[in-house]
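Here the structure is laid out as structure tokens; the discussion comes afterwards.
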2 protein chains.
Amino acid sequence: MFKKVLISDDLDSINHGVMTVAASLGIKEVVQVQYCDDAYLKLKKAAMDGDPFDLLITDLSFKLDHRDQTYPSGDLLIKAVREAYPNLQIAVYTVEDRLQRVRALMQDRYADAYVCKGRKGLVELSHAIRALDKQESYLSPQIAHALNDKEALEVDDYDIALLQLLARGFSQDEVSAHFKNSHISPSSLSSIEKRLNKLRIQFKANNAIHLVAMVKDLGLI
Amino acid sequence: MFKKVLISDDLDSINHGVMTVAASLGIKEVVQVQYCDDAYLKLKKAAMDGDPFDLLITDLSFKLDHRDQTYPSGDLLIKAVREAYPNLQIAVYTVEDRLQRVRALMQDRYADAYVCKGRKGLVELSHAIRALDKQESYLSPQIAHALNDKEALEVDDYDIALLQLLARGFSQDEVSAHFKNSHISPSSLSSIEKRLNKLRIQFKANNAIHLVAMVKDLGLI
DNA sequence: ATCTTCCTTACGGCATACCGTACTGCTCCA
DNA sequence: TGGAGCAGTACGGTATGCCGTAAGGAAGAT
């Protein structure tokens, strides 16, 4: 079983429960932090001291407060950590259950386990830790199909950028100008209209407002 | 100090931490449930048995699953409970920190305390319980000004309904027809345009898409 | 090299949204 | 009772969005 685990979640209530689970699995050393930057520093220090952590359990969304952060979100922390410490196992523990988010983290092995906070969250987290200990990955049941399904995979980065600009109040004309400036192709008004039309059909949206509202609900933007 | 407390939160990790806090305050009987309907039933049974709860601590948002629920959200549970058991103290414990939500629950005394889950959530909850025990209300520091500020109070139910319909893909024409059918006034296209214009100015939005995206981010719809 | 196909772009018609103005009816108050 | 102020409505002009059609250009196929 793991010897040294770092828990990173901004909510104290969550950290509390996670620490109990880790302890009940016989993990001796459990450290908890409430900021991603603190997590990174703890990992770094432990590695330099020759006594590195072997598991990181982290949330994705962290509330912003007065403290400026290099890593304001769990996603960013994970990518930085994965690069610096490839041997560290990483488990995500979050309420976020959009397949898009799961794919973004699990497809390229940024994370090794993805556990959704829910009614059985701690039970699943316990399973996840045991799986990771056996060098297996883990996905919560409700998002276990995330990596198989092809659905909604046809929305690419360009589409996301386009939808984000619309959500920020750009007119189609302004989006076109913006894409021209940024040398993003296609950039013509006509192409933007066409792409939006494709997205509207794909999501069965009545109009642009509806479309943006839907993709916000889906967590795509 | 309270004798009998009911905790209602769908996340097991949260319930765990809250129970610890309640126990540390010397509360003898602490019961926890993960569904609002269960909460209501427990309260009802205890009251009928002549041994009622004296404090309810509940989340607002509960994930939906296979179980059909009479009270799918904490808001609905609270309103039902307040009516049935006016003497029961009610504390909200939630991540939701929009002033709009705080006002909706605290202004008419539906809830007696409103605590935001955060880095110091459990500490604040502890304070809240002690305050309630002294018949005082409690608000987390970050939303303590909710009941004083007048800002954003000008968004009423009509505005919310209008924005929701837009987010669901209705054209302004269709919104007008819908309001006429529902006998909601004003219903003319002209008035709807006017109201939207007011909201756009108020939120500094460039257009309707922007506006809907913003109010979704703010949690108003 | 020519053809096919797909993607990008351009344009025109129509629908909807946006905005200013003006009329109506109501309430409040002198 | 008459006028000010406000909310709701109506209407017209301009801008933007939506949709179909078609022209230009790049990449691959024969």
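Quick note: numbers below take in every heavy atom, side chains included, and nothing from hydrogens, waters or symmetry partners. Each chain gets a letter, A, B and so on, in the order the sequences are listed, and its residues count up from 1.
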Could you tell me how far apart [X] ([atom1]) and [N] ([atom2]) are, to the nearest whole angstrom?
X	N	atom1	atom2	result
Arg195(A)	dC19(D)	CZ	P	17 Å
Leu199(B)	dA17(C)	CG	C1'	15 Å
Leu166(A)	dT16(D)	CG	P	14 Å
Leu196(B)	dT16(D)	CG	C1'	15 Å
Tyr158(A)	dC7(C)	OH	C1'	12 Å
His210(A)	dC18(D)	NE2	P	13 Å
Asn207(A)	dC18(C)	CG	P	11 Å

Legend entry - Axis deviation across the helix from dA1(C)-dT30(D) to dA30(C)-dT1(D), five-pair ends, to the nearest 10°: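 Comparing the first five pairs with the last five, the axes sit 10° apart.
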Inset, instruction - Return the set of residues passing side-chain hydrogen bond (donor to acceptor under 3.5 Å, both in side chains) with Ser185(B) (not counting sequence neighbours), or none when no residue passes. - result: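 Expected list: none.
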Any donor-acceptor pair under 3.5 Å from [X] side chain to [Y] backbone:
X	Y	answer
Asp37(A)	Thr70(A)	yes
Ser140(B)	Cys116(B)	yes
Glu174(A)	Ser171(A)	yes

Inset, instruction - Could you tell me how the ring of Tyr138(A) sits relative to the ring of His127(A): parallel (under 30°), tilted (30 to 60°) or perpendicular (over 60°)? - result: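 The arrangement is tilted - the two ring planes meet at 30° to 60°.
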Inset, instruction - Please list, by residue number, the residues of residues 168-194 of chain A whose heavy atoms come closer than 4.0 Å to an atom of DNA chain C; answer none if no residue qualifies. - result: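 DNA chain C contact set from residues 168-194 of chain A: Pro186(A), Ser187(A), Ser188(A), Ser190(A), Ser191(A), Lys194(A).
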Legend entry - Over 12 foreign heavy atoms within 6.0 Å of NZ, Lys42(B):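 Counting neighbours around NZ of Lys42(B), 12 or fewer heavy atoms of other residues, nucleotides or ligands fall under 6.0 Å, so no.
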Inset, instruction - Check step by step if salt bridge (Lys or Arg N to Asp or Glu O under 4.0 Å) holds for Lys117(B) and Asp10(A). - result: CA-CA 9 Å; Lys117(B) 290 175 186 170; Asp10(A) 54 341; over 6 Å; no
Legend entry - N/O (side chain, Asn197(A)) to phosphate O (OP1/OP2, dC18(D)) under 4.0 Å: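 So the side-chain polar atoms of Asn197(A) never come under 4.0 Å of the phosphate oxygens OP1 or OP2 of dC18(D).
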Inset, instruction - Considering just the side-chain nitrogens and oxygens of Arg200(B), establish if one lies under 4.0 Å of OP1 or OP2 belonging to dC19(C). - result: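 Answer is yes, contact under 4.0 Å.
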Inset, instruction - Going by the side-chain contact (heavy atoms from CB on, under 4.5 Å) test, name the single residue among Asp65(A), Asp9(A), Asn15(A), Asp12(A) that passes it with Arg119(B). - result: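 Exactly one candidate clears the test, Asp65(A).
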Legend entry - Nearest atoms (heavy-atom pairs only) where Gly121(A) meets Val115(A):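 That closest heavy-atom pairing would be O-CG1, 3.9 Å.
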